[in-house]
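Below is one structure, written out as structure tokens; the observations come after it.
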Amino acid sequence: MRTDMCGRLTTADIGRTITVCGWVDRRREHGEHLAFVDLRDHTGVLQCVIDGSRDLRSEYVARMTGVVRPRPEGTVNPDLATGEVEVDVASVEILSQAEPPPFPMDERTSVDETIRLRHRYVDLRKNRMQRNLRTRAVVNSTIRRAMEEQGFVEVETPMLIASTPEGARDFVVPSRKEPGSFYALPQSPQLFKQLCMVGGIDRYYQIARCLRDEDLRADRQFEFMQLDAEASFVNQEDVFEFISRAVADVVEAVAGERPAEFPRISWSDSMERFGNDKPDTRFGMELVELTAIFEGTGARVFQADCVKGICLAGGAESLSRNQIDSLVEDCKRWGAKGLAWMRVVADDNATATLDAGVAKFLSVEESAAVIEALDAVPGDMVFLVADTRRLVQRVLGMLRLALGRPAVDEGGLKFLWVVDFPLFDALGEDGSPIPAHHPFTMVHPDDMEKLDAGGEALLDVRSQSYDLVLNGWELGSGSVRIHRSDIQGRIFELLGIGAEEARAKFGFLLDAFRFGAPPHAGFAFGIDRLTALLLGEENIREVIAFPKTQSGADPLTNAPGPLDAGQLEELGLRVIPRAT
RNA sequence: GGUCCCGUAGAUCAGUUUGGAGUGAUCGCCACCCUGUCAAGGUGGAGGCCGCGGGUUCAAAUCCCGUCGGGACCGCCA
């Protein structure tokens, strides 16, 4: 049907008779004797010169045959890859007429996203989406190659599975053959990949669709794709090696440059220095420990378990009073009692000192120590929060991001392994700990004895779980799994999960482990997130062909929608009318 | 469950703070003119439940309440 792609024709093709197919991108008509039609396919646009009149309108699909010729002198378009040539069209075939597009096809106008999604098939024709989807395909194929070269075997796991009570909210599918029973869609292939290890697959991977019925965000959709991997007879270091390899291959394939080895940070360091477990290390402004300075202070606001601060370079001038007030409000919303802010100014002796309302409560020594600890100079603004350690970390961590975070496409790619996560998040109401990851996560080898301590001391127990972070986004996480039933039993006991309950919730996995489970460890990372960050997109919807809106709707297909009475009947379902 | 921002022509926006005659602009669309344009140019034209509902008022795109839709975030996402 065609001999060439529009965007590939160059002066080397001059004299050839070619046929191209595509959409009418733009036309410039000069009466009935001459018209320029830019024909577009995914490779680019090509100027076709039509001698005579044809009714070719925007987005008509056409096939054109003609001879490639150089453009007349002075009419070369240097902005166009094909700008040195044009096609002297001999015949035009209109393959499909088209209504005017629902939004401008140029790349300059930023169109409302609902309208883009409602007409996604048109939106996909644009450069941005073409680039994004093609890059995504490169990410997928690069991952497959990297995993297979490392001996991983792709195994597909089921989409219709049993609901397990832990974790995110399940999407659920009613059973027709057994009305009143339901399948769940997988939140991840977690349990199946562990079964693969018991099954001697040795090294499993899958580019897996995961589904979680939780609220959507810029980096979260109901359905998303993960590289899911698990390997037998490996430790944490082995996992880092094979995941780093896959990620580095992807970065090299997309960005052209292979990243350096990913640095590591412990979870507790990350919390102390950045205030969260997914630090954005593209910029500084680290949280600085000030607790010791205020030990025995007279300033009541700083009499707290923990005092930390951050310093915004140049903040004394760059922040207006309104902006500061709004930051204080933000911090209160994040749980702080308040936010102490002080401008750093030069005093009469040209020494840096603090100048603002709160500063007058500080002793000279305290002011000086704060300035030194924060490495502040005149013109800077310092922010201090005093409270419990957890809250100080959280509030200053969020303030740091609000004040300093670069745009998504600035600051390069800063990968980071976060290691030594705690095994437990907190203590529940009944005093039993709540697992931070899932209950099959292996205890850190150095912390085995601490399991016996009980109570608050359990919160210091580390696990062999780890996250991969890129520019402040959690790309993925993994862990070494428990493969010994004695340790697993101990963990269940600690979690307050009785033998019966464990049997009911995870029986099939525990059964499997009785038949010879190899030590194993694994990881999973989000392909949508990685692709978006590599493309400088701040929203994963831009790298998904047919995404859903924040409310979980699809403006294109109008999903979700009601079922008719017959379907409900067959499934044994009755819809409860919405309360009004 | 919560906080904040947005909703005016097919698209992108102005007008809303401080209510006042007929809601404008640009692009696109339609018709005509035009033989070297490339975001072509020219002339003319069509196109609006100002998201929806209620309230205040002599009078509402504008103020108030509610609601729907979109977005960002907190909670949530083992």
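Below, read A as the first sequence line, B as the second, and so on, with proteins coming before strands; counting in each chain starts at 1. Owing to the predicted nature of the structure, the values given are computational and were not obtained by experimental measurement.
With B/G71, B/C77, B/C74 as the choices, the nucleotide that has an atom nearest any side-chain atom of A/Arg217 turns out to be B/C74. Nearest nucleotide to the side chain of A/Ala218, out of B/A39, B/C30, B/A72: B/A72. Distances were taken from every side-chain heavy atom of A/Arg220 (C-beta onward) to each of B/A11, B/A40, B/C76; the shortest belongs to B/C76. Proximity note for A/Arg28 (side chain, C-beta onward) versus B/A31, B/G70, B/U37: the nearest is B/U37. Closest contact between the side chain of A/Arg26 and the listed nucleotides B/G1, B/A39, B/C29 involves B/A39. Picking from B/G71, B/C29, B/A40 the nucleotide with the shortest atom distance to the side chain of A/Pro100 gives B/C29. Comparing B/C77, B/G71, B/C34 against the side chain of A/Arg212 picks out B/C77 as the nearest. You'll find that the side chain of A/Thr109 is closest to B/U12, out of B/U12, B/C77, B/C30.
Atom CD of A/Glu538 has 12 or fewer heavy atoms from other residues, nucleotides or ligands within 6.0 Å.
Pair assignment for B/C58 gives B/G20, based on Watson-Crick or G-U wobble hydrogen-bonding distances that are each under 3.5 Å. The partner of B/U12, taking Watson-Crick or G-U wobble pairs whose two distances both stay under 3.5 Å, is B/A25.
Between A/Arg333 and A/Arg108, the one whose closest nucleotide on RNA chain B sits nearer the 5' end is A/Arg333.
Residue A/His33 contributes atom NE2, which lies 12 Å from atom P of B/G36 at whole-angstrom precision.
Taking the centre of each ring, A/Phe171 and A/Phe222 come in below the 6.0 Å mark. When ring centroids are compared, A/Phe506 and A/Phe440 come within the 6.0 Å threshold.
The side chain of A/Asn77 places no N or O atom within less than 4.0 Å of a non-bridging phosphate oxygen (OP1 or OP2) of B/G36. For A/Gln47, no side-chain nitrogen or oxygen approaches OP1 or OP2 of B/U37 to under 4.0 Å.
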